[in-house]
Amino acid sequence: MLEKVSKLLQRFVEVEDLLGKPDTFLDQELYRKLTQDHAYLSAIKDTYDSLQKVSRQILENESLFVTEKDPEMIEIIKQEVANLRNSQAFLQKKIENLLVPPDPRDSRNVIMEIRAGTGGEEASLFVANCANMYRCYASSKGWTTETLSFTPSDMGGFKEYIMSISGQNVHRLLQHEGGIHRVQRVPETEAQGRVHTSAVTVAVLLEPLPSEEIEIDERDLQIDTYRSSGAGGQHVNKTDSAVRMTHMPSGIVVTCQEERSQHKNREKCLRFLAAKLADRAKMQQEEALSATRSAQVGSGDRSEKIRTYNFPQNRITDHRIGLTLYKLDKVMQGDLDDMTEALVSYFYQQKLSV
C-alpha cells in the first residue's frame, strides 16, 4: 500500500505543477480532468498526512511508559494510546477506501428512485426519511439535487420519490445504494409501542450522456395528463400539468408532477424514461453475460435486502459487507460516508478477486 500511496503523492505534486501553468487553463478539457485528479489526490494526501501524524503520536506516547512512574498518569497515557489506535485504524481504512482507483463514471449524474414496499403508510413515511437522508448527504458533499417526481401519501410520506443528483463522485458513492432497505421502528400510530418492520426499494440509475442518448420514438409513447396533487396551492387543482408517460414496447411507465408547466414535466419524464431504458439495456446485457445473477459481482440486484435501519437500537447494518454502525440518528441526517466508502472498497476488492 505504501508504494501505491507514494506514487500517488508524486502524482499530486505533478498535478499541482500543471494546474499552476497558464497554458493548462486554455485547454478546458485538460483543466477539468486535472482538477478532478487534484481533488482525489488531495483527499489521499490529507488522509495519509493525518495517518502519519497519529502514528507518530502513538510512538511518542508509548515512549513515556519507560520513564513514567505515576499509576494515574500511566492510565491516562494508556487511554490516550487506545484512542489514537482507534483513530489510526479509522484512517487506515479510509485510505484503503480512497485507493480504489477512479472510474470514468464516478462523477456521472444519477437518478435515484425510492419506492414504498411492504409496510403500508409506515413504508411511505420511510421513503420521505430516505429522500431527506440522501438530500442531506448530497448537501454535505456539495452535490446538486433536483426532484423529478413524487407521489404523496395520506400521512405526509411518499409512495415514491424520484430525484436527480449531480456532482463530484456522485455515482462512485451512490451506485451501491440500490436494493431493499428495511426499517424497524415503532410507528407514530402504534399505541402499544410495538416495533414494526417495513421496507422501501431504492434504484440508482445512470443518466445517459449526450453521446449515449437513447432513441425514443414518439410513436411508442402514450402520454396522459392529469391534475397534480400535493403542495402547490390552488394552482395544482386548476391545470392538467402532471404527465404520465408510458413506453409501449417496454411497458415502462414514468410520471412527473413536480413542475407547474406541463412542458417541463414532459422533459423530466423523458429524462427519467431514458435512464430507465438505459438501465434495462444494461441489466439485459449483464444477464446475457452470466447465467445467474449471483455470479455477477456488484450488479446491484434490487431484489436483495441490503440494509436494516433499527431505530430503537440506533443501529444501521449493511448485510452485504457485515458493517454495523450505532449512529443511525447521524446517518439519517446525511452522515453516510462510513457506509458508502466501505461499499466502494468492498465491491472493488470483489471485482479484483473474480
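Please read these numbers as outputs of a predicted model, since none were measured by experiment.
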* Decide if atom CD of E215 counts as having more than 12 heavy atoms of other residues, nucleotides or ligands within a radius under 6.0 Å. => no
* **Which atom of R307 lies closest to which atom of L343, heavy atoms considered** => NH2-CD1, 3.4 Å
* **Spatial distance of atom OG1 (T255) from atom CG (D224) [nearest 0.5 Å]** => 11.0 Å
* Asked: Can you check side-chain hydrogen bond (donor to acceptor under 3.5 Å, both in side chains) on Y161 and T151, steps first, answer last?
  -> CA-CA 7 Å; Y161 191 94; T151 303; over 6 Å; no
* To do: With side chain to side chain contact (heavy atoms under 4.5 Å, CB included) as the test, would you mind laying out the steps for I162 and M112 before giving the verdict?
  => CA-CA 6 Å; I162 301 159; M112 180 168 279; over 6 Å; no
* Would you say the side chain of T35 lies within less than 4.5 Å of the side chain of L19, judging by non-hydrogen atoms? -> yes
* Just do the side chain to side chain contact (heavy atoms under 4.5 Å, CB included) check on L273 and L221 with the steps written out, would you? => CA-CA 10 Å; L273 177 59; L221 299 178; 3.6 Å; yes
* To do: Side-chain contact test, heavy atoms from C-beta onward, threshold under 4.5 Å: evaluate it for T246 versus I252 and give yes or no.
  => no
* To do: Kindly check if the number of other-residue, nucleotide or ligand heavy atoms within 6.0 Å of NZ (K159) is above 12?
  => no
* Asked: Under 3.5 Å, side chain of Q262 to main-chain N/O of T225, donor-acceptor pair present?
  -> no
* Asked: Can you find a pair of side-chain heavy atoms, one from R280 and one from S250, that are under 4.5 Å apart?
  -> yes
* Residue pair E177 / T340, side-chain heavy-atom distance below 4.5 Å -> yes
* Asked: Any side-chain donor-acceptor pair under 3.5 Å between Y226 and S241?
  -> no
* Might you work through the side-chain hydrogen bond (donor to acceptor under 3.5 Å, both in side chains) test for S198 and T118, ending with a clear yes or no? => CA-CA 5 Å; S198 54; T118 56; over 6 Å; no
* Asked: With H38, which of E16, R11, K45 fulfils side-chain contact (heavy atoms from CB on, under 4.5 Å)?
  -> E16
* Ring geometry between Y134 and H181 (parallel below 30°, tilted from 30 to 60°, perpendicular above 60°) -> perpendicular
* Asked: Side chains of N83 and Q79: donor-acceptor distance under 3.5 Å anywhere?
  -> yes
* **Check against side chain to side chain contact (heavy atoms under 4.5 Å, CB included), H171 and S107** => CA-CA 6 Å; H171 182 256; S107 296; over 6 Å; no
* Asked: Does a donor on one side chain and an acceptor on the other come within less than 3.5 Å for Y40 and N169?
  -> no
* Pair Q184, T308: side-chain N/O donor-acceptor within cut-off below 3.5 Å -> no
* Can you name the ring-ring contact (aromatic ring centres under 6.0 Å, His included) partners of F65, sequence neighbours left out? -> none
* Could you state whether V54 and L59 fall into the same hydrophobic cluster, counting links through intermediate Ile, Leu, Val, Met, Phe, Trp or Tyr residues with side-chain heavy atoms under 4.5 angstrom apart? => no
* Asked: In terms of hydrophobic clusters joined by side-chain contacts under 4.5 Å, are L30 and F25 together?
  -> yes
* Asked: Do L41 and V15 have side-chain heavy atoms sitting under 4.5 Å apart?
  -> yes
* Side-chain touch M339/L323, heavy atoms, less than 4.5 angstrom -> yes
* Asked: Is the NZ or CZ atom of R182 both under 6.0 Å from the centre of the six-membered ring of Y309 and within 45° of that ring's axis?
  -> no
* Asked: Is S139 close to R135 at the side-chain level, that is, under 4.5 Å between some pair of heavy atoms?
  -> no
* Check against salt bridge (Lys or Arg N to Asp or Glu O under 4.0 Å), K21 and D23 -> CA-CA 6 Å; K21 294 182 177 180; D23 291 346; over 6 Å; no
* Of all pairs that satisfy side-chain hydrogen bond (donor to acceptor under 3.5 Å, both in side chains), the ones with a partner from residues 62-74, not counting sequence neighbours -> E62-R85
* With hydrophobic residues grouped by side-chain heavy-atom distances under 4.5 Å, do V13 and L9 end up in a single group? -> no
Distance-only donor-acceptor pairs under 3.5 Å for side chains of residues 123-132, two or more places apart:
residue: N129; atom: OD1; partner: R185; partner atom: NH1; Å: 2.8
residue: N129; atom: OD1; partner: R185; partner atom: NH2; Å: 2.9

* So, E267 versus N265: side-chain donor-acceptor pair below 3.5 Å or not? -> no
* Asked: With sequence neighbours left out, what residues match Y326 under ring-ring contact (aromatic ring centres under 6.0 Å, His included)?
  -> none
* Return the minimal non-hydrogen interatomic distance between A138 and T145, and the atom names on each side. => CB-CG2, 3.5 Å
* Asked: When clusters are formed by joining ILVMFWY residues with side-chain heavy atoms under 4.5 Å apart, either directly or through shared neighbours, do I223 and L148 land in the same one?
  -> yes
* Nearest non-hydrogen partners of A274 and P208, listed with the distance -> O-CG, 3.8 Å
* **K330, NZ atom: more than 12 neighbouring heavy atoms under 6.0 Å** => no
* Could you walk me through whether V331 and L336 pass side chain to side chain contact (heavy atoms under 4.5 Å, CB included), step by step? => CA-CA 6 Å; V331 168; L336 271 169; 3.8 Å; yes
* **Nearest heavy atoms of I77 and N61, plus distance in Å** => CG2-O, 3.5 Å
* **Path from L270 to V243 over hydrophobic side-chain contacts below 4.5 Å** => yes
* Asked: At what distance, to the nearest 0.5 angstrom, does SG of C269 lie from CD of Q257?
  -> 10.0 Å
* **Steps toward salt bridge (Lys or Arg N to Asp or Glu O under 4.0 Å) verdict (E60, R56)** => CA-CA 6 Å; E60 290 170 3; R56 287 194 300 270; 5.6 Å; no
With a cut-off of 3.5 Å and sequence neighbours excluded, list every side-chain donor-acceptor pair involving residues 89-102.
residue: N97; atom: OD1; partner: S345; partner atom: OG; Å: 3.2
residue: N97; atom: ND2; partner: K93; partner atom: O; Å: 3.4

* To do: Mind listing the closest non-hydrogen atom pair of I111 and R271 along with its distance?
  => CD1-O, 4.0 Å
* Are side-chain heavy atoms of E113 and V202 found at a separation under 4.5 Å? -> no
* Can K7 and E14 be said to form a salt bridge (Lys or Arg N to Asp or Glu O under 4.0 Å), step by step? -> CA-CA 11 Å; K7 289 181 179 178; E14 294 171 3; over 6 Å; no
* Asked: Is a side-chain donor or acceptor of N314 paired with a backbone partner of D329 at a separation under 3.5 angstrom?
  -> yes
* Under 4.0 Å between a Lys/Arg side-chain N and an Asp/Glu carboxylate O for E207 and R108? -> no
* Asked: Where do D103 and R172 land on the salt bridge (Lys or Arg N to Asp or Glu O under 4.0 Å) test, with the steps shown first?
  -> CA-CA 8 Å; D103 183 283; R172 180 184 178 89; over 6 Å; no
* Asked: Which value, rounded to the nearest 0.5 Å, describes the distance between L8 atom CG and D37 atom CG?
  -> 10.0 Å
* Structure fact -> On a heavy-atom basis, the closest approach of W143 and G167 is CD1-CA, 3.7 Å
* **Pairs meeting criterion ring pair (Phe, Tyr, Trp, His ring centres under 6.0 Å) with involvement of residues 253-275, two or more places apart** => none
